[in-house]
Asker: 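Quick one: this structure, given as structure tokens, is what I'll be asking you about.
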Amino acid sequence: MQTILIFLVLAELAQATFPPFFNPITEKLVEFKDPQNTVLQGFLAYPSFTTPLKKRPAVIIFHAFTGRTDFDNNKARDLAKLGYVAFAADTYGKGKAAPDVPGNFAIMGQLLGNRTTILRNRILANWNYVKALPYVDTNKIGSIGFCFGGLCTLDLARFNVGLKAAVSFHGTLTDYPGNGTSIDASVQAHHGDEDPHTTNADADAFLVEMRRRDGDWIFTRYAHALHAFTLPGVENWGIPGAAFNPIASNRSWSAMETFLAEKLL
């Protein structure tokens, strides 16, 4: 017992020694399955001085229409350096992402067409994987998502499974079928004011939903921001109405850091 206590003290001292941008992290690819036996592959990153005896808050990162990429993995690394157990989720399936934009739009479309079944099960499979990690504080799990992943993180919040905080970046804001009347998680949503894909009319409908659910929510619009404003280089992918906006990207990420710290740390 004395050895364990000494280890924990040393771990805390080591964690305090490094500034957030230099916290050593452990990372790995992990595999798990949804109820249909589809193999999913996520990317897990967490502070190296993490133990089951000192549980940490966790953040799930839901990917855009691209499937999980280095963008999502790097967001997990950034969050791990802030002290979270961070998990870049997979809703497409291991090795299933297409090599091009049309192919990935097709996969996304199939999942959206099965939003209440296949997609729901895959969102919950990622949730259950993170919740089962022995070093995660199950009362302090949040999620973030980009584009299609914004819909996933908002749906996870709508499921009322115990999620503490949800953050959507230029996410699809369409209400979940069934028009629920509550939402337990605190919600933060970031929306591009000139987004032609998720329009301001969609944003207004989302606010009606949030009021109906009577939850704790924050909604921010960004001037001159199109769709996918956090994704560097997206304007070169041949998607009309999508462009990286560094101002909106930086402001929304900073707001997210403050929000998650309030809710999870």
Asker: What are the two closest heavy atoms between F32 and G42, and how far apart are they?
Answerer: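 Of all heavy-atom pairs spanning F32 and G42, the closest is CE2-N, 4.0 Å.
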Asker: Quick one: are the ring centres of F169 and F146 less than 6.0 Å apart?
Answerer: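 Close enough - the centres of the two rings lie under 6.0 Å apart.
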Asker: Quick check: closest heavy atoms across G67 and Y92, and the distance to 0.1 Å?
Answerer: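 Smallest heavy-atom distance, with atoms named: N-CE2, 3.6 Å.
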Asker: Any sub-3.5 Å donor-acceptor pair from T172's side-chain atoms to T174's backbone N or O?
Answerer: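 Not a single qualifying donor-acceptor pair exists.
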Asker: Strictly below 4.0 Å, N to O, side chains only: are D137 and K164 in salt-bridge contact?
Answerer: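 Result for this pair is no, no salt bridge flagged.
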Asker: Could you tell me how the ring of F159 sits relative to the ring of Y176: parallel (under 30°), tilted (30 to 60°) or perpendicular (over 60°)?
Answerer: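 If you compare the ring of F159 with that of Y176, the planes turn out perpendicular.
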Asker: Using atom types as modelled and distance alone, determine if a side-chain donor or acceptor of N114 lies under 3.5 Å from a backbone N or O of T117.
Answerer: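 Pair absent, no side-chain N/O of N114 close to backbone of T117.
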Asker: Please confirm whether the backbone N or O of P240 pairs with a side-chain atom of H197, one donor and one acceptor, at under 3.5 Å?
Answerer: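 Yes.
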Asker: Is any NZ, NE, NH1 or NH2 atom of the basic residue among D34 and R122 found under 4.0 Å from an Asp or Glu carboxylate oxygen of the other?
Answerer: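 The answer is yes: the pair qualifies as a salt bridge.
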Asker: Can you say whether the rings of F229 and Y222 are parallel (under 30°), tilted (30 to 60°) or perpendicular (over 60°)?
Answerer: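 The rings of F229 and Y222 sit tilted, inter-plane angle from 30° to 60°.
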Asker: Side-chain donor-acceptor pair under 3.5 Å between N200 and H191, yes or no?
Answerer: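 There is such a pair (donor and acceptor under 3.5 Å, judged by atom type) between the side chains of N200 and H191.
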Asker: Can you list the residues that meet the ring pair (Phe, Tyr, Trp, His ring centres under 6.0 Å) rule with F43, with sequence neighbours excluded?
Answerer: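 In terms of ring pair (Phe, Tyr, Trp, His ring centres under 6.0 Å), with neighbours along the sequence ignored, F43 is linked to no residue.
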Asker: What residue pairs, at least two apart or across chains, pass salt bridge (charged side-chain N to carboxylate O under 4.0 Å, His left out) with a residue in residues 218-244?
Answerer: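 Pairs touching residues 218-244 that pass the test: D193-R221, D204-R221.
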Asker: Is it true that V59 and Y46 fall in one hydrophobic cluster, defined by side-chain heavy atoms closer than 4.5 Å?
Answerer: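 Hydrophobic grouping puts V59 with Y46.
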Asker: Would you please say whether a donor-acceptor pair under 3.5 Å links the side chains of H170 and T198?
Answerer: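 Result is no, nothing qualifies.
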Asker: Of the non-hydrogen atoms in N104 and A98, which two are nearest, and what is the gap between them?
Answerer: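 That closest heavy-atom pairing would be OD1-N, 2.7 Å.
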